[in-house]
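Everything on this sheet refers to the single structure shown next.
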Amino acid sequence: VTIVGHTLPGSIVLEDNSKGFYKWDGPAFATDASGVFTVPEKLTQGVNTFNFLILDPFGRQLIRSYPIFWLPFAAPGSKLK
């Protein structure tokens with residue numbers, strides 16, 4: 001799945017890979033000229049929560065969390081029924 005977000009152009013988006021401990025130890029993503037960023041993710045069965053810290057060009061910080069509930073039988077071509 002690809003998470004697509006929008007913020008101020010010139011912002012940096014940091015990802016938390018520590019399962020919700022807000023360590024911001026994941027990769028950093030830059031926004032494009034329109035402020036759009038994309039983050040490719042792999043899902044596991046159940047609730048997957050993705051946390052992001054947005055640092056805008058004016059020094060402001062914003063944290064956002066995106067939970068995604070995923071079941072493997074919902075995937076195209078899945079053999080699970």
Side-chain angles (χ1 to χ4, degrees):
V1 68
T2 300
I3 297 172
V4 179
H6 183 264
T7 187
L8 287 173
S11 296
I12 300 294
V13 180
L14 302 174
E15 184 178 7
D16 175 30
N17 280 347
S18 65
K19 305 297 182 202
F21 294 117
Y22 298 106
K23 292 183 179 180
W24 312 116
D25 56 354
F29 302 92
T31 59
D32 65 12
S34 300
V36 175
F37 63 93
T38 58
V39 180
E41 295 290 353
K42 290 190 177 204
L43 299 177
T44 58
Q45 182 172 330
V47 177
N48 298 260
T49 302
F50 303 101
N51 302 306
F52 300 98
L53 171 63
I54 300 167
L55 306 170
D56 75 14
F58 303 106
R60 296 178 291 203
Q61 299 179 10
L62 181 66
I63 295 175
R64 289 289 184 247
S65 294
Y66 297 98
I68 299 173
F69 181 71
W70 187 75
L71 296 173
F73 63 80
S78 174
K79 295 180 182 180
L80 300 173
K81 300 289 178 196

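Every value quoted in this text rests on a predicted model; they were computed, and no experiment measured them. Atom set for the values below is all heavy atoms of this structure, side chains included, hydrogens, waters and symmetry mates excluded.
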F52/I63 under side-chain contact (heavy atoms from CB on, under 4.5 Å): CA gap, chis, key distance, verdict: CA-CA 6 Å; F52 300 98; I63 295 175; over 6 Å; no
For side-chain contact (heavy atoms from CB on, under 4.5 Å), just list the numbers for I54 and Q61, CA-CA rounded to whole Å, side-chain angles, deciding distance to a tenth of an Å, and then say yes or no. CA-CA 6 Å; I54 300 167; Q61 299 179 10; over 6 Å; no
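The line from OG1 of T7 to CZ of R64 is 9.5 Å long, rounded to the nearest 0.5 Å. We find the NZ-OG1 distance between K42 and T44 to be 12.0 Å, quoted to the nearest 0.5 Å. Note that the CG atom of L62 and the CG atom of L53 stand 8.0 Å from one another [nearest 0.5 Å]. In this structure, CG in L71 is found 6.0 Å from CD in Q45, a value given to the nearest 0.5 Å. Separating the CG atom in L43 from the CZ atom in F50 is a distance of 5.0 Å, to the nearest 0.5 Å. Here the CG atom belonging to L55 is positioned 12.0 Å from the CG atom belonging to L8, to the nearest 0.5 angstrom.
With respect to N51, the side-chain contact (heavy atoms from CB on, under 4.5 Å) criterion is satisfied by exactly one of Y66, W24, F21: W24.
Without hydrogens or angle criteria, T31 side chain to G10 main chain gives a donor-acceptor distance under 3.5 Å.
Under the 4.5 Å side-chain heavy-atom criterion for Ile, Leu, Val, Met, Phe, Trp and Tyr, V13 and V36 are members of distinct hydrophobic clusters. Residue V39 is grouped with residue I68 when hydrophobic side chains (ILVMFWY) are merged at heavy-atom distances under 4.5 angstrom, including chains of intermediate members.
Across all non-hydrogen atoms, the minimal contact from F37 to A30 is CB-O, 4.0 Å. Of all heavy-atom pairs spanning P67 and S65, the tightest one is CD-O, 3.7 Å. S34 and P9 make their closest contact through C-CG, 3.9 Å (heavy atoms, listed as atom of the first residue, atom of the second, distance).
Counting only N and O atoms by type, the side chains of D56 and S11 include no donor and acceptor under 3.5 Å apart.
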